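Following: one structure in structure tokens, then a few remarks.
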Amino acid sequence: MNLIKELLPQYPEIVHTRIRIDDTGVGGGVTDRLNEVIAEEGLPYEVIPINNGSSSLDEHYENLGAEMWAYIKGQLEQNMSNYMNGIPAVLQLPSDDVLISQLTTRKWSMTSKGKILLESKKDMKKRGLKSPDRADAYVLTFGEYLIGSPQPIMFPTNRKCISQKVR
């Protein structure tokens with residue numbers, strides 16, 4: 001919240017701020033507290049809880065976290081194709097070696113049902129890696145996801161709107 005308060009004066013055109021939180025485990029308490037502070041201070045922020053372990057919309061992924069990471073992977077691959085063809089990027093990465101390392105070292109596997117599953121943080125730790133916190137934050141920020149009860153919405157994608165179901 002401090003970062004938002006620090007940056008908002010530089011971008012007066014922004015009137016609404018969304019804060020996406022991994023709501024699993026201890027994230028639930030963070031979500032609750034942020035909502036309390038926002039209400040107490042009357043801030044124009046919206047907290048969006050995301051449960052990475054919830055069901056994915058695409059049947060090829062074991063959960064929402066795997067689907068969101070795959071979406072980011074696809075966007076970054078599109079960037080490379082665009083770069084080779086002289087087309088602007090669809091997504092930008094900051095110059096951050098830790099973020100890039102975290103985005104590229106997390107493994108995936110297939111479940112017995114043929115679904116893509118991200119490597120657990122516990123398994124990453126066994127390989128001597130730290131939790132991919134920056135990469136998770138990046139994926140939460142830019143990953144395409146749908147949450148809530150099933151209802152039709154308009155979802156902006158590639159400069160046009162397509163109708164999607166939210167859950």
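The analysis underlying the following values was restricted to heavy atoms, covering all of them including side chains, and did not include hydrogens, waters or symmetry mates. What you are looking at is a predicted structure, and each value in this text was computed from that prediction instead of being measured.
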Within the distance-only criterion (no hydrogens, no angle test), does the side chain of [X] pair as donor or acceptor with the backbone N or O of [Y] below 3.5 angstrom?
X    : Y    : value
R20  : I48  : no
S101 : D97  : no
Q102 : A135 : yes
E67  : L57  : yes
R18  : E46  : no
D58  : Y61  : no

For [X] versus [Y], what's the shortest heavy-atom pair and its separation?
X    : Y    : value
F142 : Y71  : O-CE2, 3.4 Å
P94  : Y138 : CD-CE1, 4.2 Å
M110 : I116 : SD-CG1, 3.7 Å
L76  : L91  : CD2-CD2, 4.3 Å
R106 : P132 : NH1-CG, 3.9 Å
S54  : N51  : OG-O, 2.7 Å

If two hydrophobic side chains count as joined below 4.5 Å and joins carry through other members, does [X] share a cluster with [Y]?
X   : Y    : value
I72 : L93  : yes
W69 : L129 : no
I19 : V139 : no
I21 : I4   : yes

Kindly compute the distance separating [atom1] ([X]) from [atom2] ([Y]), expressed to the nearest 0.5 Å.
X   : Y   : atom1 : atom2 : answer
N52 : D22 : CG    : CG    : 4.5 Å
I14 : H16 : CD1   : NE2   : 11.5 Å
I38 : L34 : CD1   : CG    : 5.5 Å

Notebook entry, point to check: Should E6 and N2 be marked as a side-chain contact (heavy atoms from CB on, under 4.5 Å) after you check the CA-CA gap, both sets of side-chain angles, and the distance that decides it?
Noted result: CA-CA 6 Å; E6 179 184 322; N2 288 338; over 6 Å; no
Check: Pairs in or reaching into residues 79-88: which pass side chain to side chain donor-acceptor pair (under 3.5 Å), with residues at least two apart or in two chains?
Finding: Q78-N82
Item checked: Residue E36 excluded, over 12 heavy atoms near CD under 6.0 Å -> yes
Check: So, do N63 and S56 sit near enough that their side-chain heavy atoms are less than 4.5 Å apart?
Finding: no
Notebook entry, point to check: Got I50 and L140 here, is their nearest side-chain heavy-atom distance under 4.5 Å?
Noted result: yes
Under 4.0 Å between a side-chain nitrogen and a carboxylate oxygen: does that hold for [X] and [Y]?
X    : Y    : result
K113 : E59  : no
K121 : D136 : yes
E119 : K125 : no

Notebook entry, point to check: side-chain contact (heavy atoms from CB on, under 4.5 Å) between Y45 and N35: does it pass, once the steps are laid out?
Noted result: CA-CA 9 Å; Y45 307 162; N35 280 322; over 6 Å; no
Notebook entry, point to check: So, D23 and T31: side-chain donor and acceptor under 3.5 Å apart, yes or no?
Noted result: yes
Margin query: Using side-chain contact (heavy atoms from CB on, under 4.5 Å), reason through L43 and M1 one step at a time and then give a plain yes or no.
Written below: CA-CA 10 Å; L43 299 171; M1 288 187 52; 3.3 Å; yes
